[in-house]
Amino acid sequence: MEAWEIALIVLGALVVLSYVLSFAFKMWAKSAYAHMLQNPATSCDIDAFVNTDRNPVNYGKVVMAHKLRLGGRVPSTDPIPLETHESSHVPGLLVTRKTGTSSGPSYKNVTSIEEILSKSSKKTPVVVATIRMGFGHHRIAYSTCSWALKLGHPTIFHDLLNIDSPESGLIKSTDDLYSKFSRYASEMGGVVEKLWGSMMLSGDADALRVANLTAAHLQPLLTAYPKDVCLITTHQLCALVAAAAGFTNVCNLVVDNFPQWFLTVPRTLNLVQGPVNYQVFMQMGVKQEELGWAGHWCPAELVSNIPTDCGRRIERRKKGKPLRLLIPVGGAGAQRTFIVKFVAALAPLVQEGKVQLFLNAGDHAHMKTAFLEALDKSSLEFDTVNSTEGVMAFQGRLLEAKNEPTKNVTLFSFDEYFPAVATTDILSRVSDVLCCKPSELAFYCLPKLHIRRVGDHEADSAKRASECGDGTLEAREVPDAMEYIDLFLNQQDFLINMNEAIVRNNDIGIYDGCKKAVEMCVARK
């Protein structure tokens, strides 16, 4: 035979072999997916929810993603017994942990979950389930708790990561990867940032299917509760776990303004913050009875004081007082390069007394170090606060209009997680502008300067704020951010208009999302 004939036969054989192997892989993946759905069996029909006619399963993608995440793990079906103790940070709030976890001085009135839920009460108990993955999900959870407590409901804060177990370990490994890659993308920029950004936009039906398979393994983290308990979730994975376990009264608070299948859950009332998500989710095929529009996820104290706080900001601007900028770091600890450059650019205005900085490094040691280096380099004097009590005292003093900080820069840093999250909420009342990436904070009820995002899914949240009139569009580079600072300082109406918009928004309930979520969930009981 001629060489070309041999080559042609070999090529044909390779094509046939490739087709046979591809067909065999698809058949194996389809069978493996069916097996995964039944091991363990759950109450959640994810394929019916996303409609396989419109969103067919990519069996290979789903199966391989699940195997890479969990391998051949054998799931447990035994509920993890739970107990509660009083929160050392939020009066009246109960926090869950695994029964028998060693106690310490901060754990008061330890009580089994069964006893707590069996106590007679005029108000329905509310469980708020979340995952400590960055600051955002926890912040929304605490906002929801603030309203549940304000409305008089016995309130239980249930962080899946706080339940010491192999199941919580699965979640933690995912959180560690998310935080690490968020920091890498933010610091490296360029191709890496674009790749990470595109990944944050890829929450399609298959991504939801993968999350659903993971959630089936996490059921023991929730099954100690009665199936009809009022359950509000601020992370979609919590809602997926509840759906898998057969819970009947679940409200899932959708976290941002970019609609993706990954954010929604079957057998659940999926609540959104604005009309875009509501309309697009309905267009995607989410059933009307599984979708609601509640409003922005904001804490009770901020919303209750909107008229007073906005009035104080307006008076400060009219009198030409220093512009107070609150600059927090997100839970993943990303944005270091941008924020350090931003502080350096603001330094001349700080030295002139035109700007005051409230820098919240959270519980990130590397951000505290970065802030210290930036302040030293710019020769800026500063005070430090490192406790919740110190933050509350700082806020209390500035709530009196006549008072100003003792120095133009105050650095807040902590060893614990809770004050790292809560400080931004506490300081928002006495800040003129919140300078933040367009994350969950983009929906807060104070003027916002949106700085460089971490993940492209956040871009639409800045657009929502700008259309509501309470925030800027995203400033991708420091010079862009400084242009907005110039407007805040030199165009008096720019900041005044934002505060007036916030008051109008409040009058029509835009910031009542968490309050409405509690009311909706209780009404479904």
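Side-chain atoms are counted along with the backbone in the values below, which use heavy atoms only and exclude waters and symmetry mates. Just so it is clear, the structure is predicted and the values come from calculations on it, not from any experiment.
- Under the 3.5 Å distance criterion, the side-chain polar atoms of R139 are matched with a main-chain donor or acceptor of V421.
- Minimum heavy-atom separation, P125 to L117: CB-CD2, 3.9 Å.
- In terms of modelled atom types and a separation under 3.5 Å, the side chain of T214 and the main chain of V210 share a donor-acceptor contact.
- Taking the six-membered ring where tryptophan is involved, the planes of F342 and F338 are tilted, since the angle between them lies from 30° to 60°.
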- Message: Please evaluate residues C44 and N212 with respect to the criterion side-chain contact (heavy atoms from CB on, under 4.5 Å), reporting the C-alpha separation (whole Å), side-chain torsions for both, the decisive distance (0.1 Å), and the verdict.
- Response: CA-CA 8 Å; C44 185; N212 176 63; 3.4 Å; yes
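- K227 contributes a side-chain N or O that, together with a main-chain N or O of A245, makes up a donor-acceptor pair within less than 3.5 Å.
- For the pair F414/N360, a side-chain contact is recorded, criterion being any heavy-atom separation below 4.5 Å from C-beta on.
- Closest approach of S439 to E458, counting heavy atoms only: CB-OE2, 3.7 Å.
- Checked for salt-bridge contact, R316 and E404 meet the test: a charged N lies under 4.0 Å from a carboxylate O.
- The minimum heavy-atom distance linking A224 with P79 is given by the pair N-CB, 4.1 Å.
- A distance of 11.0 Å separates CH2 of W147 from CD of E301, quoted to the nearest 0.5 Å.
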Less than 3.5 Å apart, which donor and acceptor atoms pair up between the side chains of residues 506-514 and the rest of the protein, not counting sequence neighbours?
unit_1 : atom_1 : unit_2 : atom_2 : d
Y511   : OH     : D470   : OD2    : 2.7
Y511   : OH     : N505   : ND2    : 3.0

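- Atom CD of E416 has 12 or fewer heavy atoms from other residues, nucleotides or ligands within 6.0 Å.
- A distance of 9.5 Å separates CG in L218 from CG in L240, rounded to the nearest 0.5 Å.
- Atom CD1 in I426 sits 10.0 Å away from atom CG in L302 (nearest 0.5 Å).
- The side-chain heavy atoms of E83 and I116, taken from C-beta on, include no pair separated by under 4.5 Å.
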- Let me see the working for F382 and F371 under ring-ring contact (aromatic ring centres under 6.0 Å, His included), right down to the final yes or no. CA-CA 11 Å; F382 60 93; F371 276 137; 10.0 Å; no
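- Not less than 6.0 angstrom separates the ring centroid of F418 from the ring centroid of H138.
- The aromatic rings of H137 and H235 sit tilted relative to each other, their planes meeting at an angle between 30° and 60°.
- Only one option out of L253, T233, V254 pairs with I140 in a side chain to side chain contact (heavy atoms under 4.5 Å, CB included); it is L253.
- The shortest distance between side-chain heavy atoms of R313 and L446 falls below 4.5 Å.
- Remark: side-chain polar atoms of N403 are not paired, donor with acceptor, to backbone N or O of L399 under 3.5 angstrom.
- The pair E373-K368 does not meet the salt-bridge criterion, since no charged nitrogen lies less than 4.0 angstrom from a carboxylate oxygen.
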- Task: Evaluate the criterion side chain to side chain donor-acceptor pair (under 3.5 Å) for residue pair N109 and E86; output intermediate values, then yes/no.
- Result: CA-CA 6 Å; N109 295 331; E86 294 180 4; 2.4 Å; yes
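- Remark: the T96 side chain and the H158 side chain contain an N/O donor-acceptor pair separated by less than 3.5 Å.
- Two residues are said to be in side-chain contact when any heavy atoms from C-beta on lie closer than 4.5 Å; V518 and T144 meet this criterion.
- A salt bridge links K407 and D383; the closest N-O separation between the charged side-chain nitrogens and carboxylate oxygens is under 4.0 Å.
- H66 and R209 share no donor-acceptor pair across their side chains, judged by distance under 3.5 Å alone.
- At distances below 3.5 Å, not a single donor-acceptor pair connects side-chain atoms of S431 with backbone N or O atoms of L434.
- A heavy-atom distance below 4.5 Å is not found between the side chains of V128 and I156.
- Residues H366 and T369 form no side-chain contact, since every pair of their non-hydrogen atoms from C-beta on lies 4.5 Å or further apart.
- The backbone N or O of N386 sits nowhere less than 3.5 Å from a side-chain atom of S413 that would complete a donor-acceptor pair.
- The cationic group of R267 does not satisfy the cation-pi geometry with F247, failing either the under 6.0 Å distance to the six-membered ring centre or the 45° limit from the ring axis.
- Nearest heavy-atom pair, L237 versus A211, reported as atom, atom and distance to 0.1 Å: CD1-O, 3.8 Å.
- A pairwise comparison of heavy atoms in Q356 and P405 identifies OE1-CD, 3.4 Å as the closest pair.
- Judged by distance alone, with hydrogens and angles left aside, the side-chain atoms of Q219 form no donor-acceptor pair with the main-chain N or O of T77 at under 3.5 Å.
- Side-chain atoms of R97 and V110, non-hydrogen and from C-beta on, do get closer than 4.5 Å to each other.
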- Item | From CA spacing to verdict: salt bridge (charged side-chain N to carboxylate O under 4.0 Å, His left out), D164, K98 | CA-CA 6 Å; D164 186 23; K98 183 179 178 180; 5.7 Å; no
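- Taken to the nearest 0.5 Å, the CG atom of L291 stands 13.0 Å off from the NZ atom of K287.
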- Item | Step-by-step side-chain contact (heavy atoms from CB on, under 4.5 Å) determination, R429 to R312 | CA-CA 10 Å; R429 289 200 57 199; R312 188 189 311 108; 4.0 Å; yes
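- In this structure, S168 and L161 approach most closely via the heavy-atom pair O-CD2, 3.4 Å.
- Under the 3.5 Å distance criterion, the side-chain polar atoms of D363 are left unmatched by any main-chain donor or acceptor of D415.
- The 12-atom threshold is exceeded at CD of E315, counting heavy atoms of other residues, nucleotides or ligands nearer than 6.0 Å.
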- Item | Stepwise side-chain contact (heavy atoms from CB on, under 4.5 Å) test for L149 and L93 | CA-CA 8 Å; L149 290 168; L93 183 64; 4.2 Å; yes
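- Taking CE from M498 and OG1 from T472, the interatomic distance works out to 6.0 Å, rounded to the nearest 0.5 Å.
- V95 has its side chain out of reach of D159: every pair of non-hydrogen atoms, C-beta onward, lies at least 4.5 Å apart.
- Taken to the nearest 0.5 Å, the CZ atom of F281 stands 5.5 Å off from the OG1 atom of T264.
- Using modelled atom types and a 3.5 Å distance limit, the side chains of D256 and S461 yield no donor-acceptor pair.
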- Evaluate side-chain contact (heavy atoms from CB on, under 4.5 Å) for L427 paired with F412, printing each intermediate quantity in order. CA-CA 10 Å; L427 295 181; F412 300 83; 3.5 Å; yes
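- Between Y142 and F157, the ring planes are parallel. Angles under 30° get that label, and only those over 60° would be called perpendicular.
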- Would you please test D228 and N249 for side chain to side chain donor-acceptor pair (under 3.5 Å) and show each step? CA-CA 6 Å; D228 64 346; N249 185 13; over 6 Å; no
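- Using modelled atom types, no side-chain atom of T268 and backbone atom of V250 make a donor-acceptor pair closer than 3.5 Å.
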